[in-house]
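Letters A, B, ... mirror the listed sequences (proteins, then strands); counts begin at 1.
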Amino acid sequence: MKDKLAAALIEAIEEAGFPRPEADPLDLVDLSRDRKFGDWSSNAAFHLAKAARKNPREVASKLAEGVSRRIGAEKAEIAGAGFLNLRLPRKAWHQELWRAYAQGDRVGHTETLAGRRVLLEFVSANPTGPLHVGHGRNAAIGDALGRALAEAGAEVRTEYYVNDVGGQMETLCASVAKALGVAEAKGMAQREDGEMYAGEYVDSLAEVLKGEPSMARRIDELRGADLPWPSFVDQVSPFLAGRMLEAIRHDLADFRVGFHSWFHESRLKAEGKIEGTIEKLKERGLAYENEGALWFRSTQFGDEKDRVLVRETGAPTYFASDAAYHALKAAGGWDALINIWGADHHGYIPRVRGALAALDADPRRLDVILVQMVSLLRDGQRVEMSKRKGTYVTLREILDEVGPDVARFFYLMREPSSHLDFDLDLARTQSEKNPVYYVQYAHARVASLMAHAGEKGLVLNEAEPRHLETLQLEEELELIRQATYFPWVVAGAARAREPHRIPFYLIELVRLFHQYYNLQRIVTEDRAASLGRLVLCRVFGTVVRRGLDLIGVSAPDKM
RNA sequence: GCGCCUGUAGCUCAAUUGGACAGAGCGUUGGCCUCCGGAGCCAAAGGUUCCCGGUUCAAAUCCGGGCAGGCGCACCA
């Protein structure tokens, strides 16, 4: 309904001779925040007032008739400084409910972003260790955003970028070598303990490596100095990366997160994309040599300093491959490249945008969502985490402790830009006070309600639009308004890249349902009225189930 | 020192991206099951939106200056 109102508003604006506002039409109208203002409110007059050089109330009064004629409003009035408040006949809401009912599982779908192609990259953790709680947040946000974008009509591809080559992989090899008791080898750079990866997984990687005959041979050769260190790294790191990636995929699968594609940095290397990118930058005079290294003039694109592309050693930096990777993505014809990064990478944005600009891509298409840090609270205490010491808490531990439903809901209970204190005690021991159960409970309640109705001989298939006419309580109408608003919550979350809006919406919606349920008996002797209420409950239940699905949380029929 | 993020009820967080009297959960206090699931509902109390200025019809939101916390400032990723 929101899209029809927005369209009607635009038509009325043109009819009245006002210039079309810059704002997206969908942002000009919303459900009224208070029912005394009617069903829908528009702030369009405020947007138009300046250009029209009229006061907002006057502008609103010129729009009122045109809008209400188009949407069949029962009442239109100007309020406050220039709000246009519209009230629709109840019949319109009954129709809206029936439409939602007929849509079934497609109830959240819109064509808001139809035709938009989005490449969404997230998690992209190095395969040098297991995923930790921070990656969990990134995964929860990225996966939910991907689903919301798709539900809003966009074409979405989710991608995991795998840094399976480079310095960090070599460090992993060194850490494993150390676990195997190889302290020194030909051509091996000495590392302090603090520069090594630590933790049980390093030891188990070492065990696995030993157990693989071809790998065990490499270890022996390394020990006997028959195999120089760089060759050892070349041969062993793909194996280690493969093993780590397997573990990462497994954790993600249990977290209900999947990707359309896994892009390996080694592929860029193998296909010569990195050299190609560097050459292009050189040709354009955007790369220069200094102190034995090759630098990218990122300062020309607003970065605070130039960045190294090729080290003094001749090895390209991570940034060089990232520039190549982003250039490749940009060449794919996507309307938006969304990256979800940990906030500690914020300083990285200008140079990547710079690389895109330098390589003929529009840097504005890169949309980076920075996810702030996660702190873990146990017994009210902050759990200290250190990757180097191997004392960080893994996503696996969270999953084992609270399960994917609670974990995903908690991760989405804050907007990405806020720091997250993940309270394990709240998530676990006070589980009955947990918002995720509050929402799931409502879904189970509807399921049980439907079963009860069936026992009484009430079958939803027999419901007809006329049965909805019995829905006259203000509580019923409010539930209709909010439940049928679901697709616009999803579209809003997708447009703003703010998937956290979905759980918040669900909590509010569920509250309305519980209130209504306590007030009004659903299944009564009045068959027509019961069917009307059951349709309302069915739509509500479907919205909850679809909403939970978008954030990767299950919707059980029994709890 | 510079950059990014954050600061809202006792606690954890929202607020349609500049909109109408700032809203929820937890916690506190007091109520509600003969009846479709009480993991629920109702009511009460709780606010200088960190502070000071500014911009305008309108500021929690934007700008400037402070204060506090987090994260960055590599030829690591």
Side-chain angles (χ1 to χ4, degrees), chain A residues 23 26-27 29-34 36-37 41 43 46-47 49-50 55-57 79-83 85 124-126 128 163 166-169 171 195 265 290-295 304-305 307-313 315-319 321-322 342-350 370-373 375 377 413-421 423 426 430-435 437-438 440-442 444-453 455-456 485 488-489 492 496 498 500-501 504-505 507-508 510-511 513-519 521-524 530 533-534 537 558-559:
Chain A
L26 286 175
D27 292 328
V29 60
D30 220 327
L31 282 181
S32 303
R33 59 179 306 161
D34 190 316
K36 76 184 180 207
F37 297 133
S41 297
N43 57 6
F46 297 114
H47 289 265
K50 194 174 270 179
N55 78 59
R57 284 191 69 97
F83 289 95
N85 291 332
S124 297
N126 295 343
T128 53
N163 297 123
Q168 297 299 318
M169 280 310 302
T171 300
E195 296 174 277
E265 186 184 358
N290 186 32
E291 295 176 354
L294 185 73
W295 299 71
E304 56 189 23
K305 54 176 287 196
R307 306 293 172 176
V308 172
L309 288 164
V310 182
R311 284 178 270 250
E312 214 172 339
T313 61
T317 58
Y318 170 81
F319 171 58
S321 34
D322 223 18
D344 52 344
H345 284 62
H346 78 265
Y348 205 73
I349 298 172
L370 291 175
V371 180
Q372 292 295 324
M373 301 292 122
S375 306
L377 299 179
M413 284 289 289
R414 269 142 204 83
E415 56 184 336
S417 61
S418 288
H419 299 250
L420 169 60
D421 282 331
D423 189 334
L426 186 73
Q430 299 193 324
S431 61
E432 74 283 355
K433 305 220 159 120
N434 204 310
Y437 296 113
Y438 182 69
Q440 287 180 321
Y441 180 70
R445 200 173 224 185
V446 171
S448 145
L449 194 52
M450 292 298 158
H452 174 78
E455 285 166 18
K456 298 281 181 185
Y485 192 69
W488 303 108
V489 173
E498 292 183 352
H500 72 278
R501 294 182 186 193
F504 280 102
Y505 162 79
I507 290 170
E508 296 300 322
V510 160
R511 173 171 304 114
F513 174 75
H514 284 313
Q515 288 168 353
Y516 173 55
Y517 181 90
N518 272 274
L519 174 88
R521 196 176 163 81
I522 308 300
V523 177
T524 64
S530 298
R533 287 188 292 259
L534 283 170
C537 291
K558 285 195 167 80
M559 297 176 66

Once you apply a heavy-atom cut-off of 4.0 Å, does [X] come out as touching a base, just sugar-phosphate, or nothing?
| X | result |
| --- | --- |
| A:H500 | sugar-phosphate |
| A:A315 | nothing |
| A:K456 | nothing |
| A:A79 | base |
| A:Y348 | base |
| A:S375 | nothing |
| A:Q440 | nothing |
| A:S448 | base |
| A:E455 | nothing |
| A:M559 | base |

Checklist entry - Between B:A58 atom C1' and A:F46 atom CZ, what is the distance in whole Å? => result 7 Å
For nucleotides 21-24 of chain B, which of its nitrogen or oxygen atoms have a protein nitrogen or oxygen under 3.5 Å away, and what is each distance?
{"unit_1": "B:C21", "atom_1": "N4", "unit_2": "A:D34", "atom_2": "OD2", "d": "2.6"}
{"unit_1": "B:C21", "atom_1": "N4", "unit_2": "A:K36", "atom_2": "NZ", "d": "3.0"}
{"unit_1": "B:A24", "atom_1": "O3'", "unit_2": "A:R511", "atom_2": "NH2", "d": "2.8"}
{"unit_1": "B:A24", "atom_1": "O2'", "unit_2": "A:R511", "atom_2": "NH2", "d": "2.7"}

Checklist outcome for this item: With the side chain defined as heavy atoms from C-beta on, A:R521 is closest, among B:C75, B:C13, B:C35, to B:C35
Checklist outcome for this item: Side-chain atoms of A:L370 come closest, of B:C75, B:C4, B:C36, to B:C4
Next on the checklist: Once you measure the plane-to-plane angle for A:Y348 and A:Y318, does it fall in the parallel (<30°), tilted (30-60°) or perpendicular (>60°) bin?
Outcome noted: tilted
Next on the checklist: Side-chain N or O of A:Q515 versus OP1/OP2 of B:C42: is the shortest distance under 4.0 Å?
Outcome noted: yes
